[in-house]
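Model, not experiment: these values are computed from the prediction.
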Amino acid sequence: MRPLRIAYLLEDTAQSGGVRVPLAQADELIARGHRVRMVSKGQAPSWRSSRAEWFQVSDFGQYDSSGDDFILATFWSTVTAAWEMAGRRAIHLCQGYEGAFSAYQPIRARIDFTYALPLPKIVVARPLVEICRRFTPDVTYIGQAVDDEFYRDQVPPEHDPPRVLLAGQAQGDLKGVDDGYGAVAYALSAGAGLSLIRVSPWPPSSDEPLENVEEFHVALSTAEMTRLMHSCDVLLAPNHAEEGFGLPAAEAMASGIPCLVTEIPSYLSFDDTHDYALFRPARDPRALGDGLLELLGDRELRARVGRRAREVAEQFRVTAVVDRLETFLRERRDRAVTASAQTRTSGR
């Protein structure tokens with residue numbers, strides 16, 4: 001069977017889950033014998049390795065897509081370019097509906113217009129299926145991809161005090177970092193023992209309360225992020241409902257780390273049981289603080305939630321996600337080949 005020929009469009013290569021996921025998909029596709037290219041306005045990233053062919057352009061129109069089976073747009077701003085260069089060969093990889101982000105409200109009409117273009121959509125989280133079908137009916141869930149190095153079967157002894165990881169940039173309100181700080185302050189005031197570990201793709205904001213932070217890590221490579229994750233004992237994920245997926249939570253679950261997460265659609269969609277994390281309302285630092293006290297105060301709860309989290313995270317292995325992606329792409333290509341052959345036959 002002929003290998004697939006795929007190109008991903010990346011607006012930039014700054015460190016983010018939105019870039020990390022296409023790179024992970026590409027590496028697994030290449031391992032299966034497919035040809036994958038990254039077409040980006042940014043340089044090949046230094047924070048993660050990539051096996052893909054790299055094409056740096058100042059404008060996506062400079063790239064010749066005639067030899068590709070599919071062009072995958074990875075962000076709303078790349079969708080129009082994919083459609084213009086590839087037409088029915090273009091696919092929208094949606095990792096979160098950007099029109100819900102507060103920073104994009106002034107241009108939401110432009111984003112919605114882009115979402116209404118007749119591209120099939122593949123989504124990384126189940127709640128995105130319903131959101132995307134408001135614009136076009138052709139939407140398929142493939143799941144989010146967690147790099148293999150995060151997965152571990154043995155969790156080492158906990159630190160004393162426990163290391164609590166709070167991930168994400170404070171400058172992006174959907175990450176809920178301010179709520180996370182509030183939860184930690186509440187738990188500390190109630191006598192909890194913990195070390196707060198922060199990690200962000202960006203340096204701290206000017207008003208970020210750092211007095212309770214033991215360590216602050218910036219723009220870690222994938223290998224560095226794995227080491228940091230594996231050095232922590234609890235993940236605090238205070239994301240708001242606009243969060244498309246929440247990759248650090250899935251990475252922590254793959255690591256067997258118990259998670260305190262918010263009751264938002266993306267986290268609730270990981271499994272119907274809802275026993276793989278401790279859930280608390282979003283935008284409620286005190287409720288999150290109470291949850292942190294509960295989790296830190298019960299070693300057996302932490303162990304039970306961590307074990308269950310590791311089981312649920314199996315669905316996010318890159319191999320499982322790319323199984324679904326590969327099936328989707330092969331079926332689309334076969335369908336297009338059949339339709340083209342029927343058109344030629346009918347035209348004789």
Side-chain angles (χ1 to χ4, degrees), residues 9-22 40-42 60 72-84 90-119 121-139 141 144 166-183 200-209 237-249 261-269 280-285 287-288:
L9 302 188
L10 300 176
E11 187 64 44
D12 61 49
T13 53
Q15 187 175 9
S16 69
V19 176
R20 187 190 306 262
V21 167
S40 175
K41 296 179 182 178
F60 289 122
L72 271 64
T74 61
F75 191 66
W76 81 269
S77 60
T78 65
V79 171
T80 298
W83 174 249
E84 290 177 348
I91 295 169
H92 181 182
L93 168 59
C94 178
Q95 302 181 67
Y97 168 53
E98 298 91 343
F101 301 169
S102 59
Y104 292 143
Q105 291 314 295
I107 58 170
R108 181 169 180 169
R110 287 174 54 196
I111 293 173
D112 287 355
F113 178 83
T114 300
Y115 266 69
L117 291 172
L119 283 72
K121 295 177 175 62
I122 50 179
V123 300
V124 300
R126 290 182 178 86
L128 290 171
V129 173
E130 181 180 352
I131 292 172
C132 287
R133 281 179 178 161
R134 299 173 191 167
F135 301 96
T136 54
D138 191 351
V139 183
Y141 167 79
Q144 185 62 291
L166 176 59
Q169 62 271 30
Q171 297 89 338
D173 59 353
L174 67 86
K175 301 300 180 184
V177 170
D178 288 347
D179 299 333
Y181 274 118
S200 171
W202 302 344
S205 66
S206 58
D207 59 350
E208 196 161 342
N239 306 62
H240 296 171
E242 296 83 6
E243 177 64 67
F245 182 80
L247 187 58
V261 305
T262 44
E263 296 170 338
I264 61 174
S266 56
Y267 289 150
L268 291 167
S269 72
R280 289 295 183 270
R283 301 177 182 268
D284 191 336
L288 287 164

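The distance from the CD atom of Glu11 to the OG1 atom of Thr78 is 7.0 Å, given to the nearest 0.5 Å. Taking OG1 from Thr80 and CZ from Phe113, the interatomic distance works out to 7.0 Å, rounded to the nearest 0.5 Å. Separation of atoms OG (Ser16) and CH2 (Trp202) is listed at 9.5 Å; rounding is to 0.5 Å. Rounding to the nearest 0.5 angstrom, the gap separating the CG atom in Asp112 from the CG atom in Leu117 is 11.5 Å. To the nearest 0.5 angstrom, Ser77 atom OG is 8.0 Å from Asp12 atom CG.
In this structure, Leu166 and Pro238 have side chains that are in contact, with non-hydrogen atoms separated by less than 4.5 Å. Residues Tyr115 and Glu98 are in side-chain contact: their nearest non-hydrogen atoms beyond the backbone lie under 4.5 Å apart. In this structure the side chain of Phe135 reaches within 4.5 angstrom of the side chain of Tyr97, judged on heavy atoms. Thr136 places none of its side-chain heavy atoms less than 4.5 Å from the side chain of Leu119. Leu72 is listed as a side-chain neighbour of Ile122, based on a closest heavy-atom distance under 4.5 Å. You'll find the side chain of Leu93 reaches within 4.5 Å of the side chain of Val124, heavy atoms only. Side chains of Gln95 and Phe75 form no contact here, defined as non-hydrogen atoms less than 4.5 Å apart. Using a 4.5 Å cut-off on side-chain heavy atoms (C-beta onward), Val177 and Gln169 make no contact.
Nearest heavy atom pair, residue Pro106 against residue Ser102, reads CD-O, 4.4 Å. When all heavy atoms are compared, the tightest approach of Asp179 to Arg283 is OD2-CA, 3.4 Å. In plain terms, the two heavy atoms of Tyr267 and Ala249 that are nearest each other are CE2-CB, 3.5 Å. The shortest heavy-atom contact between Gly168 and Ser200 is O-CB, 3.6 Å. Across all non-hydrogen atoms, the minimal contact from Val139 to Cys132 is CG2-CB, 3.8 Å. The shortest non-hydrogen separation linking Gly99 to Ile111 is N-CG2, 3.8 Å.
One side chain, Tyr181 or Glu208, offers a donor N or O that lies under 3.5 Å from an acceptor on the other.
A donor-acceptor contact shorter than 3.5 Å is absent between the side chain of Thr262 and the backbone of Ile264. Under the 3.5 Å distance criterion, the side-chain polar atoms of His92 are left unmatched by any main-chain donor or acceptor of Val79. Gln15 places no side-chain N or O within donor-acceptor distance of the main-chain N or O of Pro201, the cut-off being under 3.5 Å. Ser266 contributes no side-chain N or O that, together with a main-chain N or O of Gly244, makes up a donor-acceptor pair within less than 3.5 Å.
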Check step by step if side-chain contact (heavy atoms from CB on, under 4.5 Å) holds for Val261 and Asn239.
CA-CA 8 Å; Val261 305; Asn239 306 62; over 6 Å; no

Could you go through Phe60 and Leu10, starting from their C-alpha distance and side-chain angles, then the distance that decides it, and tell me whether this counts as side-chain contact (heavy atoms from CB on, under 4.5 Å)?
CA-CA 9 Å; Phe60 289 122; Leu10 300 176; 5.9 Å; no

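Remark: Gln105 CD is packed, more than 12 non-hydrogen atoms of other residues, nucleotides or ligands lying under 6.0 Å away. With a 6.0 Å radius and a threshold of 12 heavy atoms from other residues, nucleotides or ligands, Arg110 has its CZ atom at or below the threshold.
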